[in-house]
Every structure is written in structure tokens, then in C-alpha cells.
Asker: 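Please read through the structure below; I'll follow up with questions.
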There are 2 protein chains.
Amino acid sequence: MSPKVTLKAVAAQAGVSYQTVSKVLNGQLQVSPETHQRILEAAQSLGYRPNQIARNMRAGRSFMIGYSWVQTSPDQVNHILDQFLSSMVREAEAAGYHLLPFPFHEGEEQVDAYRELIATRRVDGFVLTSVDYNDPRIHFLLERGFPFVAFGRSNPELDFPWVDVDGAAGTRQAVEYLLARGHRRIAALAWPESSRVGNDRLEGYFQAMQAAGVSLCPHCLLRGEGTFEVGREMTLRLLDLPAGERPTALIALNDTMAIGAMYAARERGLEVGRDLVVIGFDDAPMVQYLYPPLTSIRQPIAQAGRKCVEMLVTLLEGKPLGERHVLLAPRLILRASA
Amino acid sequence: MSPKVTLKAVAAQAGVSYQTVSKVLNGQLQVSPETHQRILEAAQSLGYRPNQIARNMRAGRSFMIGYSWVQTSPDQVNHILDQFLSSMVREAEAAGYHLLPFPFHEGEEQVDAYRELIATRRVDGFVLTSVDYNDPRIHFLLERGFPFVAFGRSNPELDFPWVDVDGAAGTRQAVEYLLARGHRRIAALAWPESSRVGNDRLEGYFQAMQAAGVSLCPHCLLRGEGTFEVGREMTLRLLDLPAGERPTALIALNDTMAIGAMYAARERGLEVGRDLVVIGFDDAPMVQYLYPPLTSIRQPIAQAGRKCVEMLVTLLEGKPLGERHVLLAPRLILRASA
DNA sequence: AACGTTCGCGCGAACGTTCGCCTATATGAT
DNA sequence: ATCATATAGGCGAACGTTCGCGCGAACGTT
């Protein structure tokens, strides 16, 4: 079993040609019941397993799906990765594919990594994450006509298959909840306007406020990088507003800023959940252990990963895509902070 | 460029045989300067890149490293994964290898996944994590003589290459720090005795206490699964001890239990860092944002990932391994909780 | 002038698989 | 008896690469 068991070995044992073994095992040839039996037994007893490299060679494809992700800084957490990767790997394996993770490069050379994987025929398609407006990878792959599915949308005029979480629906849900609890001055800690995901999430905030006929409080929309420190500083500014203008609730476009907000509230001697209500976004695993536990919006990450691979495999098999765009609904997880 | 550029295409353009192109590009054949130039230019202008599938076919290897990890439950965080995976992927790529992630299976069928990847020749070697005593994968791979490197030790009598973090050194550092600050009753929230990693980390606790000549306080060593809830309950039990027996400091073998401990302290109206000192283990990215920020022990994960791949690649290239066992030192990260 | 030696390059083979085509025998219809 | 047809399985080729061997020409030595 350790020396390579090839079709020829099985054929020798079964007393047929190796091509016949191939066809029989792949169900492409009808043979006499006895021969069929002999071949199956030989394959079984020798422990034959097809050499995937040779299969790839013959098929001219690698049955690999390229995937690259931005590595978070060591003090940030990528709680997404485990779920997303695991779900993709499982879905891919079920379809006879595997994932090929490769290092993420910033800037100009980013597309080079994709080009190289295509040129060396290491992958049959890509799953993209962290896409943004005018993502060079999308332009490149569309131009090359190379199969890919993106987790996340980009420019509306670019036509490509994607799966995304409906961020607007998430914040809308959260803001509606806050409005129903009587809050009127609801602040938002947002990302810079250049962030597509940020704009999506923010949209739900506007929608909910407008639908309720509640005008935005002045100074209540703050933007910055989504870090703890930025969240803290923005919140301190909000809390220093005169009493009548000060927001009673706050929604952050990610958990890290929400945690910064909670920290700021404590610095001002306020109790989160009572004096200031805070809602985050992402529902990172640890936020349930914060004091108080953070209300946040959870994305169906595993489902997204499965869907991305499922769609990509459909493309790779040359079948028509049922739905080119999939929008998944996030869920508000209520905890003591709101 | 989109139609396949093979050696033959380059050869046709350069006016030589395709085998010559191969050898020249691989630096295995000395040719006249003019021919050399012609070949390089042809390869360049056509954008030739070797077909990796064919290379694998020829070499009889896949240049892939199999890796599988236990998926944490959705409410736990695997902050390790991003760093570990990224570092491995980078190191592998630099050596001409790629990572092949595959789904983790529990129980009996776990080894089957490894067997299948070997039989179908999809991987040349494995990196193992989450190894424990009598890990069936280690037994299987040793028996097969298939190359692998483990991140984590197993039974002492099993001889295989590994990289590990010196957990004992980590807790020793932490306990020495606590002792130097005057603490004498130092509790430990530990894992069940069946956990190898737990025993390693606990060892440092014993060593430091013994070296200082401080006897362990009774009831101060508690064991359980490393969850928030277990950490909380164990700490409540400690805090309910009579004043003279109650520990003044506590070290948890992972951050999740430490966070449970902080929660328990708050429930009893104690202030962490003043009334009860808490140290965690792992230094998960978010613990810096807890209130108070958690002192914890950080493992050099990226370094471990690089080392694992480096050693495995050395094995795969048939070179002798400099060091079969690598023990990396963790670092105590001091914050307000201790 | 004859003879090794090096240089520059071509040629055939092989890795293991799948696919299309071919052949020989058996089966049925005319 | 003849011919078309189906059945069972063999055979050659190809995917793109690398590797070992061979061969002619140029070169230097005696």
C-alpha cells in the first residue's frame, strides 16, 4: 500500500487493461458482472485511490479555489476567519475541491499574486473578501474572464457574482429597536465615507430614523477608523455635548469601536445600558463577556462561506448560476448593553 | 496570454527544442549567450509561467502541506488561527509550497482524512495542531513514515519533530511576578489532568511556588473545562473561602476562564487589580479592552507557524533537520489586572 | 593529422489519468 | 447465409514538465 498503487497495479491483479479499470471505476463502461467484480475487488484489496495530481493533469484543472485574506494586526481579532474558512473548506471538499490560501499583498502587487496563481494553473477560481469600491482584483478578474465569487459588493456598475450580508438591514433593525425603546438622540460611530461596507451599514441607520420621522441629532454622526481608540474619542466628544444634545443611545459600525465607547462611558462615570445604550456590529465572540455584555449584530458568516463556494463551484462546472447575487440577513443579538 | 503558454510555445518562438527551454529556464543547461537571450526574451514576451500541475506530475509530489484545525464553537474565538495560518502560508510560499486546509473530523474518522490525502497524493506532509496524549494522528503518521511536524508535544516516548510554546515558562514568569509583588495565596484555574497543555502550564506554577518555598494554599488548585462559566464558578468558590484562606491572586490557564474570574469578582463587589489580581493565558487580542485590561501570557504564534513549516519543508527536501524540537518562550504582558 | 574533451542542444521517455476510437465476439434481424 | 447492431474490452494518445542520454561540432593536445 505504501508503494504507489496505480491503475496498472489494479489492472494487473484483475487481469484487464488499466484503461478498463479507469472506466469501470468511473462508471463509464459496462462490463460483464464477473469482470466488474474482479476489478472492484482488486481495487479494494490494493487500496487503490486515484492520484489526484494525474487527474488534474488530465483535466487541465487543479480543483483548487484560491483565497486570500487581510491579516489583522496582532492586537485585532479576526473572529470571522475560522468560521468562514471552515465553512468554505467543508463545502469545497463536498464538491471535490480544495481551498488554496495564499498571502495577501497590499498595493500594486496584490493583483500579481492572483495573476501568478492563474498563470501557473494552481487555481480554477477565487473567492474574494474585503472587497471595496474599485477593487483592482475585481477589475482584473473580470477582464481576464476568470471565475470568482466575492463576499461583499463593490461598485454597482460592475457585474459579478457576489454574496453579501445586508448591513443596512442590520443597523435598521438595531435603530428600530432603539426607537421603540424611546430613544430619539441616537448617535452613530461610522467609518470614513470611502468605506463601502460602512456606507451600507450607515444606510440602515438613516432609513430607520427617516421612517420614524426622527431627525438626526447634530454632531451625532461621527466618522473615523474603526479602532478602539477612535471609538473612545468619538464617544467622549458625544458625552461632552450639552445635556439636551447628548445622545442617549449609540450604534457603532463595529464591535471594536463599541468597546471603545463603553470604555469612554465608564471614564465619564456613566453606566452602559442605563445612562448610555450601546450597540455594536459583528458580534465578536468575546463581546458576550464584556461588562455589560454587548448587544451586537451577528452576520451569518458560515452561510456566506458555503454560498460563495457553492456558487463558484457551479460556475466552475459550467452550470448556470441560479442567483448571481445573494443578500443574507444579519441578526440583532440583544444583551445588557442595550 | 490567455491561451496556454507552454514550453513548446516558447521553444517555437526561440527556435529551439522545448526541453532546452526547460533546462535553460531552470539553469540546468549552459547554452550560447545568444540562444540564452532568445529563450529568455521569448519566455518573457509570451508571459510563460510553468504549469504547476505538470510539475507536480513529473515530480510525483504536490508541494502541498496539509493542515486541519479544530473549529471553535461560534461563541469562542480562535484568535490563533489568523496569525498561525498567515505565517505558515507565507513561509510555505517562500519555499515553493502551499497549504491545503481540510475539514477537521472528530473521533475514528479523523485519521481517515489524513489517510485519504496521502493516498490521493494531495499532500507531501502535514502540520498538526491540537495534539494531545496518544494522538491517533501521530501514531498513524509515524507508522506510515509520512512527514509531519506538530505544533505541540505529545507522549514523551513518541519521537517526532515538534515546535511548542514553553507553557511552564509562561506560568512560572507570571507566578514569579505575583510572588515578587508579595502575593502568597495564589490560586490556579486549571484544566483537567488529561490535558497535556494544561499539565505543562500548571508545571510552571508548581515550579515557581516551590522555588520560592511558598506552600500551595489548600483549595487553591481548581480544575475544569476552560470556559467562561467554569472560570466564573471556580472563582466564586475561591472568593467564598474564609478571609484567611482566600487567595489574593489568581492565574487562569486561558483567557476565557480569566474573564469568568473577573466577572465573578465583580459579582462579589471586588475590584480586579486591587482586591483580586488576575492573570490569563493566551493574550487574546480583545483582553486589552476589558475593564480592567487583562494581564496575560502571549505566545509567539507566528514564529511557531513559520518554524513548523520551515522544519517540514526541510524534511520534505530530504535535508537533515537542525533541531528536531523547538521550544519557544512566551511573554508576560502586564496590564492593569495584575 | 589524429584523438580525447568540452560545449551546445536535440530526442525519447516517463509520471498516472481519461478519452476517443478500434476490434473481436456474440446477438439479432433479414 | 448475410449483414447490421450491440457488447466487452483493448489500444494509442494526450495533458506539460523534467531528466538522462546521445550526438555533432568546436576546441585543444600530442
Asker: Which of the following nucleotides, C/dG8, D/dG9, D/dC19, is nearest to the side chain of A/Ser32?
Answerer: D/dG9

Asker: Whole Å only: how far is the OH atom of A/Tyr18 from the P atom of D/dA8?
Answerer: 22 Å

Asker: Establish whether the base of D/dG12 is bridged to the side chain of A/Gln19 by a donor-acceptor pair shorter than 3.5 Å.
Answerer: yes

Asker: Just how far, in rounded Å, is P of C/dT18 from CZ of A/Phe63?
Answerer: 10 Å

Asker: Could you work out which one of D/dG9, D/dT18, D/dG16 sits closest to the side chain of A/Met57?
Answerer: D/dG16

Asker: Identify the residue among A/Phe140, A/Phe126, A/Phe148 that makes a ring pair (Phe, Tyr, Trp, His ring centres under 6.0 Å) with A/Tyr114.
Answerer: A/Phe126

Asker: Which residue lies toward the 5' end of DNA chain D, B/Lys23 or B/Asn51, if each is placed at its nearest nucleotide?
Answerer: B/Asn51

Asker: Whole-Å distance between C/dT17 P and A/Ile53 CD1?
Answerer: 11 Å

Asker: Taking N and O atoms by type only, does the side chain of A/Arg58 place a donor or acceptor under 3.5 Å from a partner on the base of C/dT17?
Answerer: no

Asker: Taking any strand in view, what nucleotide pairs with D/dT30 in a Watson-Crick or G-U wobble way, both distances under 3.5 Å?
Answerer: C/dA1

Asker: Can you check whether B/Pro50's main-chain N or O pairs, donor with acceptor, with A/Arg121's side chain at less than 3.5 Å?
Answerer: no

Asker: Carefully, step by step, assess A/Asp124 and A/Ser62 under the rule side chain to side chain donor-acceptor pair (under 3.5 Å).
Answerer: CA-CA 6 Å; A/Asp124 297 341; A/Ser62 62; 3.2 Å; yes

Asker: Should the heavy atoms of other residues, nucleotides or ligands under 6.0 Å from NE2 of B/His139 be counted, would the total exceed 12?
Answerer: yes

Asker: Can you tell me the distance, in whole Å, between the NZ atom of A/Lys8 and the C1' atom of D/dC11?
Answerer: 12 Å

Asker: Testing the basics here: between A/Arg153 and A/Arg196, what is the closest heavy-atom pair and its distance to 0.1 Å?
Answerer: O-NE, 3.1 Å

Asker: Measure from CG on A/Asn56 to P on C/dT17 and round the result to the nearest Å.
Answerer: 12 Å

Asker: So, does A/Ser22 get its side chain near the phosphate of C/dT18, meaning an N or O under 4.0 Å from OP1 or OP2?
Answerer: yes

Asker: Provide the Watson-Crick or G-U wobble partner of D/dT7, both distances under 3.5 Å; none if there is no partner.
Answerer: C/dA24

Asker: Separation of A/Arg55 atom CZ from D/dG16 atom C1', in whole Å?
Answerer: 19 Å

Asker: Find the distance A/Leu7:CG to C/dC15:P and express it as a whole number of Å.
Answerer: 13 Å

Asker: With respect to the side chain of A/Thr35, which nucleotide from D/dG9, C/dG10, C/dT17 is positioned closest?
Answerer: D/dG9

Asker: The side chain of A/Thr20 is closest to which nucleotide in this list: D/dT17, C/dT17, D/dG9?
Answerer: D/dG9

Asker: Measure from CG on A/Leu29 to P on C/dC19 and round the result to the nearest Å.
Answerer: 12 Å

Asker: Taking the side chain of B/Thr6 as its heavy atoms from C-beta onward, which of D/dT17, C/dT18, C/dC9 lies nearest to it?
Answerer: D/dT17

